[in-house]
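Below is one structure; the comments refer to it alone.
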Amino acid sequence: MTSESKPAHFLQNLIREDLAEGRVSQVATRFPPEPNGYLHIGHAKSICLNFGLAQEFGGTCNLRFDDTNPAKEEEEFVDAIKRDVSWLGFEWNGEAKYSSDNFDQLYQWALHLIKAGKAYVCDLSAEEARHYRGTLKEPGKNSPYRDRSVEENLALFEKMRNGEMEEGQCSLRAKIDMAAPNINLRDPIIYRIKKMAHHQTGDKWCIYPSYDFAHGQCDAIEGISHSICTLEFEDHKPLYDWLIENLPVPSRPRQYEFARLHLNYTVVSKRKLKQLVDEGHVDGWDDPRMPTLSGMRRRGFTPTSIRNFCEMIGVTRSDSVVDVGMLEYSIRDDLDKNAPRAMCVMEPLKVTLKNYPEGREEMLSAPGHPVRDDLPARELPFGRTLYIEKEDFREEANKKYKRLVLGKKVRLRNAYVIFAEEVVKNDAGEIVEVICSVDLDSLGKDPADGVKPKGVIHWVSAVNNVECEVRLYDRLFNDSAPDAGGKNFLDCVNPDNLQILKGCKAEIGLAKAAPEQGYQFERNGYFCRDSKYGSAEVPVFNRTIGLRDSWAKEQNK
RNA sequence: UGGGGCGUAGCCAAGCGGUAAGGCAGCGGGUUUUGAUCCCGUCAUGCGAAGGUUCGAAUCCUUCCGCCCCAGCCA
């Protein structure tokens, strides 16, 4: 997808105008996660937007940890977030930034507000403050502490800072308007007491600025030109602007909002994701079924596929729910173009070629990719006994079934045409082996009789292969809106979201597959070696996504 | 009769007064040693609804309807 064929979204247009009219000379954006959890597909949209805009307009994008609440944050998440952003393929401007880098400056600015009579220490408890705040439809009332003198406020704030006040005993509030229709303007709390250590600043502080007091000012300090956030912060913008206008900040950032990503068949809220982990519905935050970037990475999603997906869904201000089908399309699209091909038999059925010499083995060669000749060819050992897929053989079938049928022939992918002559069954009547003859004159060409088999099936040598385990993932939820009102999202968990197949047989080259490297298992889907499970002898392969399957569709008609 | 936002196809989304782009999904067909890919065709007389302005309206005006966000010392 080229940029000239893709129409610009509202933020691109807006930045273009800012640049053209000289309101902004240098584009500077930032991606500002709070380090309180793992990044997920929703964050990817914001990352691609912020870093993408900076790239497009020759600007910069900072990575900033919005760490104003030590109660929720951990260093572990800082590391995970850096890893995920890098993995997606973006490089942040300079060192990673922290809101906490600016705690001293923020404190000075709080003093500035107090001295200007625009902030005061309020002794109302959280509950009292709620009552004074009013409701959505009724204005609030002024706090009885609202008119304290500058000197008194300075002294009190000093005591807050020195730890002489208890948590919840008082807070610092901006003095704006308790009757404002926008509740964010009803004397918002800008500093609160939290007597706890911070992952970056240690024990230096026992008071911490609120999001509202920190965010815009940090934007200004970092010289951010366009501070892009999601729609729910729209109501905070008047407060954002009020603070910028009332403080001697070094630059004038502007906030813009876009709609966050909603994906059907998916939940993304941290609380729910945590519940899936804690209650054992999945294996961890990086379980391949999770919509976290670490889970998707382990599942086999590529950075390119995620970036393309974000490009495809666009950026607007309207709430929308994107079909996971689009995500599935983008990973198939990327892997089809770039993943090496391989063969793997999931449920092996033995095939004996009665006219192929016992003990003989030849090495066949197969292309690494149907059109990419830069991907190396692979070696496929071929012999008298092979495995094919159980479901690729039937004793009888109609002409729609284009696979191996008793008394008919089929092409072995990258190899010979074989003819099914007889079936061997066990005592239970199950087919355990198919005896075939092989047309040794059909390698790389049609059979001499000119009759071209209509089917092609995959196979693997029965004596020279890689034993492996395959994990077939399906959608985690079978309800398109597990999040939607009223229902318990856990009731929507798809009971068949994971099928583990043991005793699968893969072509020998897969023994050295690297974790996360995507392969197409021909006629089946895209897979990658799991980074957590499996051994050198018996690797585990995760199915990233199946191939489109018009045969299954046909059968369901 | 609190404030703020958003409504274009099954889904996402262009469009900014000149007669509804594109993608995903779907449907039909062609190529194919992957029932994949690829290629071709098809898919809104209609833009939340109703009025109005205009030669002309998804675009402007009016009214109405629906959905989302806000009453953390969370972000």
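Values in this document were obtained by computation on a predicted structure and should not be read as measured data. Atoms considered below: every heavy atom in the structure, side chains included; atoms not considered: hydrogens, waters and symmetry mates.
- Counting to the nearest Å, the C1' atom of B:G72 and the CD1 atom of A:I190 are 16 Å from each other.
- Proximity of A:T68 to the phosphate of B:A75: a side-chain N or O atom is located under 4.0 Å from OP1 or OP2.
- Considering only the side chain of A:S318, B:A13 comes nearest among B:A13, B:C11, B:G35.
- In plain terms, the two heavy atoms of A:I457 and A:W459 that are nearest each other are O-CD1, 3.9 Å.
- Across all strands shown, A:K337 has no heavy atoms under 4.0 Å from either base or sugar-phosphate atoms.
- Residue ring and base: A:Y211 does not count as stacked with B:A75 (centre distance below 5.5 Å and interplanar angle below 30° not both satisfied).
- Among the heavy atoms of the strands, none lies under 4.0 Å from A:I207.
- B:C24 and B:U42: their P atoms are spaced 16 Å apart (whole Å).
- In this model, the phosphate group of B:A13 is approached by a side-chain N or O of A:S320 to a distance below 4.0 Å at OP1 or OP2.
- Dashed line: the shortest gap from a side-chain N or O of A:R130 to OP1 or OP2 of B:C73 is not under 4.0 Å.
- Across B:G2, B:G35, B:A25, the shortest atom-to-atom separation from the side chain of A:R403 is found for B:G35.
- None of A:R173, A:R146, A:K175 except one satisfies the salt bridge (Lys or Arg N to Asp or Glu O under 4.0 Å) rule with A:D187; the exception is A:R146.
- The side chain of A:M326 lies closest to B:C11 when the candidates are B:G15, B:C11, B:U33.
- The side chain of A:R133 has B:G72 as its nearest neighbour among B:G72, B:G35, B:C12.
- Residue-to-nucleotide contacts include no donor-acceptor pair under 3.5 Å from the side chain of A:N182 to the base of B:G4.
- Of the side-chain N and O atoms in A:T316, one or more sit less than 4.0 angstrom from OP1 or OP2 of B:A13.
- Cation-pi contact between A:R403 and A:F393: absent, since separation from the ring centre below 6.0 Å together with deviation from the ring axis within 45° is not met.
- Counting any heavy atom pair closer than 4.0 Å across all strands shown, A:V321 reaches sugar-phosphate atoms only and no base atom.
- In the set B:G2, B:A13, B:G35, B:G2 carries the atom at the smallest distance from any side-chain atom of A:K137.
- With a 6.0 Å cutoff to the six-membered ring centre and a 45° limit on the axis angle, A:K409 does not count as a cation-pi contact of A:F419.
- Close to B:A36, at under 4.0 Å from its OP1 or OP2, lies a side-chain N or O of A:S550.
- Syn is the glycosidic conformation of B:G72, whose angle stays within 90° of 0.
- For A:W551, the listed nucleotide lying nearest its side chain is B:G35; candidates were B:C74, B:A36, B:G35.
- Phosphate proximity of B:A13 to A:R317: absent, as no side-chain N or O sits under 4.0 Å from OP1 or OP2.
- Within the nucleic acid shown, A:E554 has no heavy atom closer than 4.0 Å to any nucleic acid atom.
- For A:H9, taking side-chain heavy atoms from C-beta onward, the closest of the listed nucleotides B:A14, B:C12, B:G3 is B:A14.
- Closest contact between the side chain of A:M312 and the listed nucleotides B:A75, B:G15, B:G23 involves B:G23.
- Judged by distance alone, with hydrogens and angles left aside, A:R341 brings a side-chain donor or acceptor within reach of the base of B:U34, the pair sitting under 3.5 Å.
- Contact annotation: A:K454 side-chain N/O to B:G35 OP1/OP2 distance is not under 4.0 Å.
- Side-chain N/O atoms of A:H131 and base N/O atoms of B:A71 include no donor-acceptor pair closer than 3.5 Å.
- Between A:R186 and the phosphate of B:C70, there is no side-chain N or O to OP1/OP2 separation shorter than 4.0 Å.
- Here B:A36 is the nucleotide among B:A75, B:A36, B:A71 with the atom lying nearest to any side-chain atom of A:L547.
- Contact annotation: A:K270 does not reach the phosphate of B:C74 (side-chain N/O to OP1 or OP2, under 4.0 Å).
- Taking both residues in full, the closest heavy atoms of A:R378 and A:G368 are given as NE-CA, 4.3 Å, listed atom of the first, atom of the second, then distance.
- Cation-pi geometry between A:R148 and A:Y120 is not met at under 6.0 angstrom from the ring centre and within 45 degrees of the axis.
- Distances were taken from every side-chain heavy atom of A:R523 (C-beta onward) to each of B:G35, B:G2, B:C12; the shortest belongs to B:G35.
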